[in-house]
Amino acid sequence: MKLVFRGVKLAGYMAYGLLVCVFFLWFLFPSTYVQEWPERYINARFPNIRLILGEVRYRFPFRLSCTRALILNRSAQTPIVELQEVKGILHVQDIFHPGNISMDYSAELYGGTVQGQVVPVGDALHVTALIERIEVERMNWLSKEVQRKVSGRVQGNMEIHLGLQTGRVRSLTGKLHAVDGSIELKTPVFGLTTITYDTLDCSVQGDGERLAVYPCRLNSELFDVEFKGEVLPAGFFSRSSMDVKGTVTPKEQFFSTLERPLAKQLLRRKLQQKPLQIHVSGSLSEPHLSMGEYSLLNDALTSN
């Protein structure tokens with residue numbers, strides 16, 4: 001019986017201590033420090049961007065909220081990512097392990113949401129992200145960076161391993177799914193000035209220096225495209241380079257868009273002999289498209 005009473009007494013002390021901790025966190029919460037520390041950390045390690053946080057508040061019992069988080073292009077001072085209503089939940093069991101407090105988070109952005117978990121692992125952070133219903137056309141910075149109109153709704157999941165000291169992305173894996181989208185073309189391809197797609201699926205794997213994209217598949221009313229390759233990230237999104245190869249499978253609807261009968265006939269005949277293979281290289285803002293033997297047919301269809 002005494003052992004039971006001692007156990008109850010110990011549990012009572014632990015509960016009391018936990019309540020005291022919560023009390024002091026609530027009433028003495030250092031909101032200024034919690035707001036300024038992430039800003040200083042990010043801004044010191046990523047010279048091309050600037051992080052600005054809105055008001056940070058502690059909410060009973062183990063919740064954090066931030067009204068706004070804005071990431072700017074540091075040189076142009078233009079918005080890149082704007083998060084609204086950022087919320088975090090600290091894991092109670094980690095409170096007693098200083099330096100290893102993991103957190104669940106959620107935020108609103110571009111008409112959709114992102115949620116996941118941040119977990120310290122040694123000298124790194126393991127970040128997971130579940131993305132839902134992001135509206136690409138709201139990402140004005142993206143259109144400016146790639147210098148063309150883009151649209152669609154994106155969902156997917158990501159896992160990122162981030163070094164604490166350097167801020168370097170040590171590993172990144174994820175899968176993305178986009179629907180009802182379009183990509184504007186600066187130079188017409190087979191008479192098309194915009195690629196409109198129903199679905200776009202892609203897997204991503206790599207680190208801060210190289211990203212492999214595979215396998216990827218684009219489906220539209222006009223054609224299907226299967227492709228894979230790699231992207232080499234640069235300080236600015238527009239300066240990142242890519243090397244992507246794929247195969248295009250035109251559908252009957254595609255041929256109905258071609259205005260020149262002779263070129264249409266030649267294209268059909270050519271496709272029976274050899275698939276339409278493409279190679280996209282160069283920067284994301286100024287890509288170069290190569291179609292091998294099909295380039296002459298493309299020139300014939302797009303020339304006046």
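In this text, all values refer to a predicted model and were calculated from it rather than measured experimentally.
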Worksheet entry | side chain to side chain contact (heavy atoms under 4.5 Å, CB included) between Thr194 and Ile183, worked out | CA-CA 6 Å; Thr194 301; Ile183 305 170; 6.0 Å; no

The reported gap from CG in Asp198 to OG in Ser220 (rounded to nearest 0.5 angstrom) is 6.5 Å

* Asked: With side chains defined as the heavy atoms from C-beta onward, is the minimum distance between Ile134 and Met139 less than 4.5 Å?
  -> yes

Taking the side chain as every heavy atom from C-beta outward, state whether Tyr105 and Val114 have any atom pair closer than 4.5 Å.
-> yes

Side chain to side chain contact (heavy atoms under 4.5 Å, CB included) for Arg153 and Asp180? Distances and angles first, verdict last. CA-CA 7 Å; Arg153 296 194 309 277; Asp180 302 331; 3.3 Å; yes

Heavy-atom closest pair (Leu125 atom, Pro120 atom, distance to 0.1 Å) is CD2-CA, 3.9 Å

(Q) Could you tell me if Asn219 and Thr199 have a donor-acceptor pair between their side chains, going purely by distance under 3.5 Å? (A) yes

For the side chain of Ser281 and the backbone of Asp243, is there at least one donor-acceptor N/O pair under 3.5 Å apart?
-> no

task: Say whether Ile89 and Val119 are linked into one hydrophobic cluster, either directly or through other cluster members, by side-chain heavy-atom distances under 4.5 angstrom.
output: no

Can a donor-acceptor pair be found between the side chains of Ser182 and Ser151 at a distance below 3.5 Å?
yes

Between Ser240 and Ala234, the two heavy atoms sitting closest are OG-N, 3.0 Å

Might you work through the salt bridge (Lys or Arg N to Asp or Glu O under 4.0 Å) test for Arg217 and Glu226, ending with a clear yes or no? CA-CA 5 Å; Arg217 184 177 179 87; Glu226 294 185 355; 2.3 Å; yes

Kindly indicate whether the side chain of Leu271, heavy atoms from C-beta on, has any atom under 4.5 Å from the side chain of Leu267. yes

So CG of Leu222 and CZ of Phe255: to nearest 0.5 Å the spacing works out to 11.0 Å

Under the 3.5 angstrom rule, does the side chain of Ser256 hit a backbone N or O of Gln253 as a donor-acceptor pair?
-> yes

Checklist entry - Any donor and acceptor pair, going by atom type alone, linking the side chain of Arg148 with main-chain N or O of Glu184 inside 3.5 Å? => result yes

Exercise for the section: Side-chain contact test, heavy atoms from C-beta onward, threshold under 4.5 Å: evaluate it for Pro215 versus Ser203 and give yes or no. Expected result: yes

Check the side chains of Glu230 and Tyr214 for a donor-acceptor pair under 3.5 angstrom, ignoring hydrogens and angles. no

When rounded to the nearest 0.5 Å, the distance separating OG1 of Thr67 from NZ of Lys87 is 12.0 Å

Worksheet entry | Flag, side chain of Lys149 to backbone of Glu137, donor-acceptor distance under 3.5 Å | no

Assess the residue pair Lys175 and Asp201 against the criterion (side chain to side chain contact (heavy atoms under 4.5 Å, CB included)); give the C-alpha distance rounded to whole Å, side-chain angles, the decisive distance to 0.1 Å, and a yes or no. CA-CA 8 Å; Lys175 292 184 177 181; Asp201 293 278; over 6 Å; no

task = Go through the steps to decide whether Lys264 and Leu262 satisfy the test side chain to side chain contact (heavy atoms under 4.5 Å, CB included), and finish with yes or no.
result = CA-CA 5 Å; Lys264 182 188 303 187; Leu262 179 58; over 6 Å; no

**Asn298 side-chain N/O to Phe190 backbone N/O, donor-acceptor pair under 3.5 Å** = yes

- Task: In sequence, state the C-alpha distance, the side-chain angles, and the governing distance for Arg170 and Asp123, and then conclude on salt bridge (Lys or Arg N to Asp or Glu O under 4.0 Å).
- Result: CA-CA 11 Å; Arg170 296 179 179 176; Asp123 63 344; 3.1 Å; yes

Is any side-chain heavy atom of Lys251 closer than 4.5 Å to one of Asp224? yes

Should Thr249 and Val225 count as side-chain neighbours, where that means a heavy-atom distance under 4.5 Å?
no

To the nearest 0.5 Å, atom CD of Glu221 lies from atom OG1 of Thr196 at 8.5 Å

Checklist entry - Are any non-hydrogen side-chain atoms of Leu172 and Asp207 less than 4.5 angstrom apart? => result no

Item to complete: Would you mind reporting whether Val179 and Gln155 have side-chain heavy atoms less than 4.5 Å apart?
Response: no

Table please: side-chain donor-acceptor pairs of residues 285-293 below 3.5 Å, with sequence neighbours left out.
residue, atom, partner, partner atom, Å
Ser285, OG, Ser238, O, 3.2
Ser285, OG, Ser283, OG, 3.4
Glu286, OE2, Lys186, NZ, 3.0
Glu293, OE1, Lys270, NZ, 2.3
Glu293, OE2, Lys274, NZ, 3.4

Looking just at side-chain N and O atoms, do Glu82 and Gln84 make a donor-acceptor pair shorter than 3.5 Å? yes

- Check the angle between the aromatic planes of His161 and His126 and answer parallel, tilted or perpendicular using the 30° and 60° thresholds. tilted

Closest heavy-atom pair, Leu232 versus Glu209, reported as atoms and distance to 0.1 Å, is CD2-O, 3.7 Å

In this structure, CD1 of Ile131 is separated from OG1 of Thr113 (nearest 0.5 Å) by 9.5 Å

Do you reckon Val81 sits in the same ILVMFWY cluster as Leu70, going by side-chain contacts under 4.5 Å, direct or chained? no

Of all heavy-atom pairs linking Thr257 and Phe254, the shortest is OG1-O, 2.5 Å

When rounded to the nearest 0.5 Å, the distance separating CD1 of Ile52 from CG of Leu72 is 4.5 Å

